[in-house]
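These notes concern the structure reproduced below.
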Amino acid sequence: QVQLVESGGGLVQAGASLRLSCAASGHTFSNYGMGWFRQAPGKEREFVAAISWFGRTVYDADVVKGRFTISRDNAKNTVYLQMNSLKPEDTAVYYCAASVAVTRSPGEYDFWGQGTQVTVSS
């Protein structure tokens, strides 16, 4: 089992930045690829970014558009999502998840956090 706890969400104005954190416990963190997803009200959960245990990254270009950066610190069992130039359409609950693979598919992630709310006002 892997327990994931997200933090760092909040209410910000358009153009601001936030850094989300996801702290993992319960298993060897470096064994897992880590992903960030988001879900806005009335919409399906969508892939944002993922990172392998050694740092290879994958982004959804349409979602991120060069504004977000995923990173991880295996010594701290933590994965981050740095979000810059936030827009109102980025408003969503952001989830981190763990998978044995680096993948865009939410169905291939075995463990999920509870989510952290990000709200961007115009």
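Atom OG1 in Thr91 sits 9.0 Å away from atom CZ in Arg38 (nearest 0.5 Å). Separating the OG atom in Ser17 from the CZ atom in Phe68 is a distance of 9.5 Å, to the nearest 0.5 Å. A distance of 11.0 Å separates CG of Leu81 from OG1 of Thr116, quoted to the nearest 0.5 Å. Interatomic distance, Thr78 OG1 to Met34 CE, rounded to the nearest 0.5 Å: 9.0 Å.
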Output, in order, the C-alpha distance, side-chain angles, deciding distance and verdict of side-chain contact (heavy atoms from CB on, under 4.5 Å) for Asp60 and Val48.
-> CA-CA 5 Å; Asp60 184 296; Val48 176; 5.9 Å; no
Show your reasoning for whether side-chain contact (heavy atoms from CB on, under 4.5 Å) applies to Thr103 and Tyr109.
-> CA-CA 8 Å; Thr103 172; Tyr109 285 80; 3.4 Å; yes
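In this structure, Glu6 contributes its side chain and Gly115 its backbone to a donor-acceptor pair below 3.5 Å. Here the side chain of Arg72 pairs a donor or acceptor atom with the backbone of Ser52 at under 3.5 angstrom. Remark: the backbone N or O of Ile70 is paired with a side-chain donor or acceptor of Tyr59 at under 3.5 angstrom. For the pair Ser85 (side chain) and Arg67 (backbone), a donor-acceptor distance under 3.5 Å is absent.
Residues Val12 and Val120 form a side-chain contact, since some pair of their non-hydrogen atoms from C-beta on lies under 4.5 Å apart. Residues Val63 and Phe47 have side chains not in contact (no heavy-atom distance under 4.5 Å, counting atoms from C-beta outward). In this structure, the side chains of Met83 and Leu20 come closer than 4.5 Å at one or more pairs of heavy atoms. Side chains of Tyr80 and Asp73 form a contact here, defined as non-hydrogen atoms less than 4.5 Å apart.
Closest heavy-atom contact between Ser99 and Asp110: CA-OD2, 4.3 Å. The two residues Gly8 and Leu18 have their closest heavy-atom pair at O-CD2, 3.6 Å. Shortest non-hydrogen contact noted between Ala14 and Ser122 is CB-CA, 4.4 Å.
Criterion: ILVMFWY side-chain heavy atoms under 4.5 Å apart, direct or through other members. Under it, Trp53 and Phe111 are not part of a common hydrophobic cluster. No path of Ile, Leu, Val, Met, Phe, Trp and Tyr side chains, each step under 4.5 Å between heavy atoms, connects Tyr32 with Tyr95, placing them in separate hydrophobic clusters. The same ILVMFWY cluster, assembled from side-chain heavy atoms under 4.5 Å apart, contains both Ile51 and Val64. With hydrophobic clusters built from ILVMFWY side chains whose heavy atoms lie under 4.5 angstrom apart, Val118 shares a cluster with Val79. Tracing side-chain contacts under 4.5 Å through hydrophobic residues (I, L, V, M, F, W, Y), one reaches Val100 starting from Trp36; they form part of the same cluster.
A cation-pi geometry, defined here as NZ or CZ lying under 6.0 Å from the six-membered ring centre and within 45° of its normal, does not hold between Arg45 and Phe37.
Environment of CH2 in Trp112: crowded, with over 12 heavy atoms of neighbouring residues, nucleotides or ligands closer than 6.0 Å.
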